[in-house]
Number of protein chains: 2
Amino acid sequence: MQLDGLPTPSALIDLDRFERNATRMADHTHHLGVRLRPHSKTHKCVEAARIQTRGHFGGITVSTLAEARGFAAAGFRDITYAVPIAPQKLTAALEIGARIDRLAVLVDHMETITAIEEISRAHTAVFPVWLKIDCGLHRAGVDPESELAIALATRLQNSPRIDFRGVLTHAGQSYDATNRAEALATSQDECAISRAFVTRLAKTKIHVPEVSIGSTPTISAARNLDGISEVRPGNYAFFDIFQSAIGSCSLDDIAFSVLATVVSVHPEEQRAVIDAGALALSKDPGPTHIDPDCGFGRIVAVEDQHPLPGLRLTSVSQEHGEIAGPGAAALRPGTHLRILPNHSCLAAACFESYNVVRGTEIVDQWRPFRGW
Amino acid sequence: MQLDGLPTPSALIDLDRFERNATRMADHTHHLGVRLRPHSKTHKCVEAARIQTRGHFGGITVSTLAEARGFAAAGFRDITYAVPIAPQKLTAALEIGARIDRLAVLVDHMETITAIEEISRAHTAVFPVWLKIDCGLHRAGVDPESELAIALATRLQNSPRIDFRGVLTHAGQSYDATNRAEALATSQDECAISRAFVTRLAKTKIHVPEVSIGSTPTISAARNLDGISEVRPGNYAFFDIFQSAIGSCSLDDIAFSVLATVVSVHPEEQRAVIDAGALALSKDPGPTHIDPDCGFGRIVAVEDQHPLPGLRLTSVSQEHGEIAGPGAAALRPGTHLRILPNHSCLAAACFESYNVVRGTEIVDQWRPFRGW
């Protein structure tokens, strides 16, 4: 079946580009001497994670327990749930982990460790746990220069109910970069802060088994990861307009897009409307720090994703995408367009299945794990 | 079961508030002498639409053919698909319409009418069609002062394959209002432009059977709808932070919320993280034209939705919601919070089911129609 036969909006994965992105990151991380634990939150599907883990140890990262459950059932045996875990979710995590080699969680708070110990004791289990540190994003994670960080690591190392996996961080501030050089600088910070913390812990006789870092911008830009055990980029599977703006990839690397249909045209006003809105693309504002006029995605040709510069996606409401530009006058109701989203993780999460294409031919359909 | 037993994030519908909102709009529109055709895109579920249509004629509005299909199967017999229809979707629309009294579509382009006539002829059917006019939003709809508008209406009236339903518009620019008085002014425009177009058509011997208008801000504010047949507000079912900011409702009317759990706390920095992010709340920026610091939703108490002013939801990423404010220091991992979203239609669409609550007791579970 060809692209043109799909209902719209539909999610498309360009398999050639996806495989190229996966191979490039697998090779890059081999070259850097680190293990690749791809973050599956970008696609949430088994087929994609299998391709991403080829040639590496097979571990993955997830953002929900629904993903953990699904990937565990599909045969993935080493999973890290990379959002600090709510105490209420510990029993479910322990149950999933019991079916595979390891479902590791991460913590940045003493009370969560207490909850983990209680549950592990009740189940006569040993819980794999990472200590999450903050390397500058200021979202989750303990300040690695604080006394609390030492206290947390000490407790994790000494607890008989905890398998202390090591130190984990995520330099999400790399999304503030405006180019690859800035992302590289953030990558160097991410490593340096992690290494310094390991050194600090060593002075207090705490051994850190592994160090896990990463985001797509920092790992794409990284040239040296000495002292790092594994990396967890995710978005690189698909890339998107944001990643191309900050220099993680080129437009030609973007492997996820949304097929849409023109439903309204106003040629004299150089405006049109497509049937892909906020529920197909998300309302992610995109790289406005680099291009304030980026709109809600890039409009490209259906057959080969070449950019159509005369068309801009200026606005999205629930089921409408508004297009403006001189190219709009040539559109007609029924014209198909393809949209490269600002943020592929959020756009992909809008869909119950992805159409996997080679060129314009649909070769497979993949279904993501949804919900929590 | 009580709220506290739910996994998080979970979608909550406060049934008392929802029923009050539904009754108030039903009464208001009766008083105004118009039929209520609620837009079901806000909730996409049968139980909610049944409550909303009580005491009215039973017609509803939908934003996708998936909704049309689902509501038709559930017994709704008069449905309007209120996005200009792509020619490729006409056959599916005709098939759904054949099972009920009427699935009406809307058009604003001559080529779409041609496509409708071809398909109707092939199926020996008569297609119910509204003419969509633009009353100032400049999204879809023909300019009612243009010659094209007359030409489209003439063709719709004269086509033996089309059941011309009338003129339909949506004053979505009412979302730019900063208070109820401004929304009222937009409501008056919405009516006046529609009525003027009907008068203009009458001069060319075109009879307009019905006039359909509406958005939650304009209909909530409306005091006189002479000349209007029906209205299509949708968001009023749930309301949200945006609607409360522009004066369509009070905070106490908001019937949709998301239950979340605190997963990370940094008391010294007055920061915390919850497990509801962009995939549970959407990235809708909210009423920034009124409150640039509105954040990504309002944090309220779990038990009774009273506002917690010491907490602000400053940022959302895929599965993280970042909280700041003096109240953050009192949070602990595992604390439940409830979030009133900026835009309830987009937040509700994140969930596969809604927990319907009276007070803190879960009394039902409703499932929305998803996808397209």
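In what follows, chains carry the letters A, B, and so on, assigned in the order in which the sequence lines appear, proteins first and then strands, with residues in each chain numbered from 1. Source: prediction; values computed, not measured. The basis for the numbers below is simple: all heavy atoms, side chains too, and nothing from hydrogens, waters or symmetry mates.
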Review point. Heavy atoms, side chains only, cut-off 4.5 Å: are A/K89 and B/P7 in contact?
Key: no

Check your understanding: Between A/T64 and chain B, which part of the residue has a heavy atom less than 4.5 Å away: side chain, backbone, both or neither?
Key -> side chain

Exercise for review: Count the heavy-atom pairs under 4.5 Å between each of A/E111, A/H320, A/H109 and chain B, then report the option with the highest count.
Suggested key: A/H320

Point to revise | Pair B/D240-B/N342, side-chain donor/acceptor within less than 3.5 Å | key: no

Practice item. Measure distances from A/P9 to the heavy atoms of chain B and classify the residue's part below 4.5 Å as side chain, backbone, both or neither. Key: both

Study note, to complete from the structure: Answer key: most heavy-atom pairs under 4.5 Å with chain B among A/R370, A/H343, A/E352, A/E269 is A/R370

Review point. Pick from A/S317, A/S315, A/S264: which one makes a side-chain hydrogen bond (donor to acceptor under 3.5 Å, both in side chains) with B/R139?
Key: A/S317

Practice item. Against chain A, label B/D134 side chain, backbone, both or neither, depending on which of its atoms sit under 4.5 Å from a heavy atom there. Key: side chain

Review point. Just by distance, with hydrogens left out, do B/E118 and B/T114 show a side-chain donor and acceptor under 3.5 Å apart?
Key: no

Check your understanding: A/I274 and side-chain contact (heavy atoms from CB on, under 4.5 Å): which partner among A/V262, A/L331, A/T261?
Key -> A/V262

Exercise for review: Determine the option with the most heavy-atom pairs under 4.5 angstrom with chain A, choosing from B/V107, B/D143, B/D284.
Suggested key: B/D284

Check your understanding: Should the ring pair B/Y354 and B/F238 be called parallel, tilted or perpendicular, given that the plane angle runs from 0 to 90° and is split at 30 and 60?
Key -> perpendicular

**Study point:** Contact origin within A/D108 toward chain B - heavy atom pairs under 4.5 Å
**Key:** side chain

Practice item. Name the member of A/P87, A/G277, A/P333 that forms the most heavy-atom pairs with chain B at distances under 4.5 Å. Key: A/P333

Check your understanding: Between A/V273 and chain B, which part of the residue has a heavy atom less than 4.5 Å away: side chain, backbone, both or neither?
Key -> side chain

Practice item. Name the member of A/S353, A/S282, A/G141, A/A272 that forms the most heavy-atom pairs with chain B at distances under 4.5 Å. Key: A/G141

Practice item. Go through the atoms of A/A280 and report whether side chain, backbone, both or neither lie under 4.5 Å from a heavy atom of chain B. Key: both

Check your understanding: Would A/N235 and A/T42 count as having a side-chain donor-acceptor pair, cut-off 3.5 Å?
Key -> no

Check your understanding: Do B/H289 and B/D176 have a side chain donor and acceptor closer than 3.5 Å?
Key -> no

Exercise for review: Give, as side chain, backbone, both or neither, the part of A/R271 having an atom under 4.5 angstrom from any heavy atom of chain B.
Suggested key: side chain

Check your understanding: Parallel, tilted or perpendicular: which describes the rings of B/Y175 and B/F242, with under 30° parallel and over 60° perpendicular?
Key -> tilted

Exercise for review: Using non-hydrogen atoms and a 4.5 Å limit, figure out which bit of B/Q318 sits close to chain A: side chain, backbone, both or neither.
Suggested key: both

